[in-house]
Amino acid sequence: MSPVVTAVLAAIPSPDRGVWMLGPIPIRAYALCIIAGIVVAVTWSERRFVARGGESGVVTDVAVFAVPFGLVGGRLYHVATDWPTYFGPGRNPIEALYIWQGGLGIWGAVAFGAVGAWIGCRRRGVPLPFFADVVAPGIVVAQAIGRLGNWFNQELYGGPTDLPWGLEIYERVDPVSGVADPLNGVALDTTPIGVFHPTFLYELLWNLAVAALVVWADRRFRLGHGRAFALYVAAYCVGRFWIELMRTDPATEVFGGVRINNVVSVVVLVAALAYFVLAPRGREVLQPPAGEPDTPDPDGTDAVAVPDEGADPDPAGPEPGSARSGRTP
């Protein structure tokens, strides 16, 4: 094997920076990854929603509420569980508002995002469990895309490793003063200061696998009433638990040294599994109220969820992607 190929396989390089200046305006890779994830989630969820009989544009309308709530909730969770970073001795509490520097807790994002989604669903007459099942795969793919922001920020990696997929971490400095600046600086020297487990990559790949699992199970078992969303939450918790064990970044610990995110993962996993088992079987579909089959409300506010009858009486089955087929893109 040539030296060049050997070098490529030896480790994963980090970007030399995570911020680019467009005049006086900083363009942050972390923010771009979050935005890209949101766009992918909304676009895919719109397709799934329409395939199940919903009106185009409803997912975007609900996202207007869910996304801001989710961002606020994610930041609140991060600050609450890492409060010494912002309120400890010698810290600057105002930095708790600097969301562009990274730091979003998924549990807070999902919890507050669900509140925003509930508000949006109420306004559009869509049952929240139905909506949650539709958006579940898109949300976890958005999480995967967002993890790329951690790569640009050189954060959330694990312990040292000599595995061929280890992550190289560089020293970043202010290019003018030469003062160390891990977040906003530039790596002038790409000699790594260490090679570590890329836990951001592990979670990215796990999230994509979870999305595939949810889509497969949703199609195979016709999940409904929030069970697809519960499956996403449970599967994500399993991966987050073991990946969290590999991380070495500072974190709030409870019960004598257990990272708080591990505790939350277990609690949420149990709750998600309980919901998955106890929730009604079958899948809802959206359709106009009885007596108005030919005049659906253009705003979708009169749409209701009704139980899916199961097998289609037509031996040939409905067309793929129709509201009755239950098949999702």
Side-chain angles (χ1 to χ4, degrees), residues 3-4 6-39 68 71-72 74-105 109 142-162 165-204 246-252:
V4 173
T6 303
V8 170
L9 296 180
I12 300 172
S14 290
D16 68 339
R17 72 194 70 194
V19 182
W20 294 266
M21 298 302 297
L22 185 60
I25 303 174
I27 306 299
R28 300 181 183 275
Y30 183 86
L32 294 178
C33 291
I34 296 296
I35 293 171
I38 292 172
V39 170
L71 292 175
V72 171
R75 188 59 176 180
L76 287 176
Y77 178 89
H78 167 73
V79 172
T81 54
D82 290 306
W83 63 269
T85 301
Y86 306 98
F87 303 101
R91 300 294 184 174
N92 183 9
I94 194 64
E95 292 184 358
L97 303 176
Y98 295 174
I99 192 172
W100 56 87
Q101 293 186 355
L104 291 173
Q143 291 177 232
I145 296 172
R147 281 302 178 200
L148 288 173
N150 301 135
W151 179 49
F152 280 96
N153 280 1
Q154 287 197 144
E155 60 185 0
L156 306 190
Y157 48 85
T161 181
D162 58 0
W165 56 82
L167 176 69
E168 294 182 348
I169 296 297
Y170 311 132
E171 181 181 10
R172 290 177 175 175
V173 300
D174 183 298
V176 177
S177 66
V179 176
D181 189 350
L183 185 63
N184 300 305
V186 178
L188 302 179
D189 181 359
T190 55
T191 301
I193 59 176
V195 179
F196 305 90
H197 278 285
T199 49
F200 82 90
L201 178 61
Y202 298 161
E203 186 169 333
L204 185 159
M246 303 180 66
R247 285 171 48 171
T248 58
D249 54 300
T252 301

Once rounded to the nearest 0.5 Å, what's the spacing between atom CD of E203 and atom CG of N150?
8.0 Å
CG/L183 to CZ/R28 distance, rounded to the nearest 0.5 angstrom?
6.0 Å
Quick check: closest heavy atoms across L204 and R147, and the distance to 0.1 Å?
CB-CB, 4.3 Å
How long is the span from the OG1 atom in T248 to the CG atom in L156, to the nearest 0.5 Å?
9.5 Å
Less than 4.5 Å apart, any side-chain heavy atom of E155 and any of Y30?
yes
For atom CH2 of W83, is the number of surrounding heavy atoms from other residues, nucleotides or ligands below 6.0 Å larger than 12?
no
Say whether, by atom type as modelled, one donor and one acceptor occur between the side chain of D189 and the main chain of T191 under 3.5 angstrom.
yes
Is any side-chain heavy atom of L71 less than 4.5 Å from a side-chain heavy atom of L104?
yes
Check the pair V186, R172 against side-chain contact (heavy atoms from CB on, under 4.5 Å), reporting the backbone distance first and the verdict last.
CA-CA 5 Å; V186 178; R172 290 177 175 175; 5.9 Å; no
Which atom pair, heavy atoms only, marks the closest approach of R247 to T199?
CG-OG1, 3.7 Å
Identify the heavy atoms of Y86 and R75 that sit nearest to each other, and give their distance.
OH-NH2, 3.5 Å
Taking the side chain as every heavy atom from C-beta outward, state whether I27 and L32 have any atom pair closer than 4.5 Å.
yes
How many angstroms lie between atom CG of L148 and atom CG of N153, to the nearest 0.5 angstrom?
11.5 Å
Would the distance check show the side chain of S14 and the main-chain N or O of E168 forming a donor-acceptor pair, the cut-off being under 3.5 Å?
yes
One should read off an interatomic distance between L188 CG and R17 CZ, to the nearest 0.5 angstrom, of 8.5 Å
At their closest point, which heavy atom of L201 faces which heavy atom of I12, and how far apart are they?
CD2-CD1, 3.8 Å
Might you point out which heavy atoms bring P26 and P24 nearest each other, and give the distance in Å?
CD-O, 3.5 Å
Which heavy atom in P198 sits nearest to a heavy atom in G166, and how many Å separate them?
CD-CA, 4.4 Å
Test ring pair (Phe, Tyr, Trp, His ring centres under 6.0 Å) applied to F196 and Y157, Y170, W165, the passing residue:
Y157
Is there a donor-acceptor pair closer than 3.5 Å between any side-chain N or O of D181 and the backbone N or O of N184?
yes
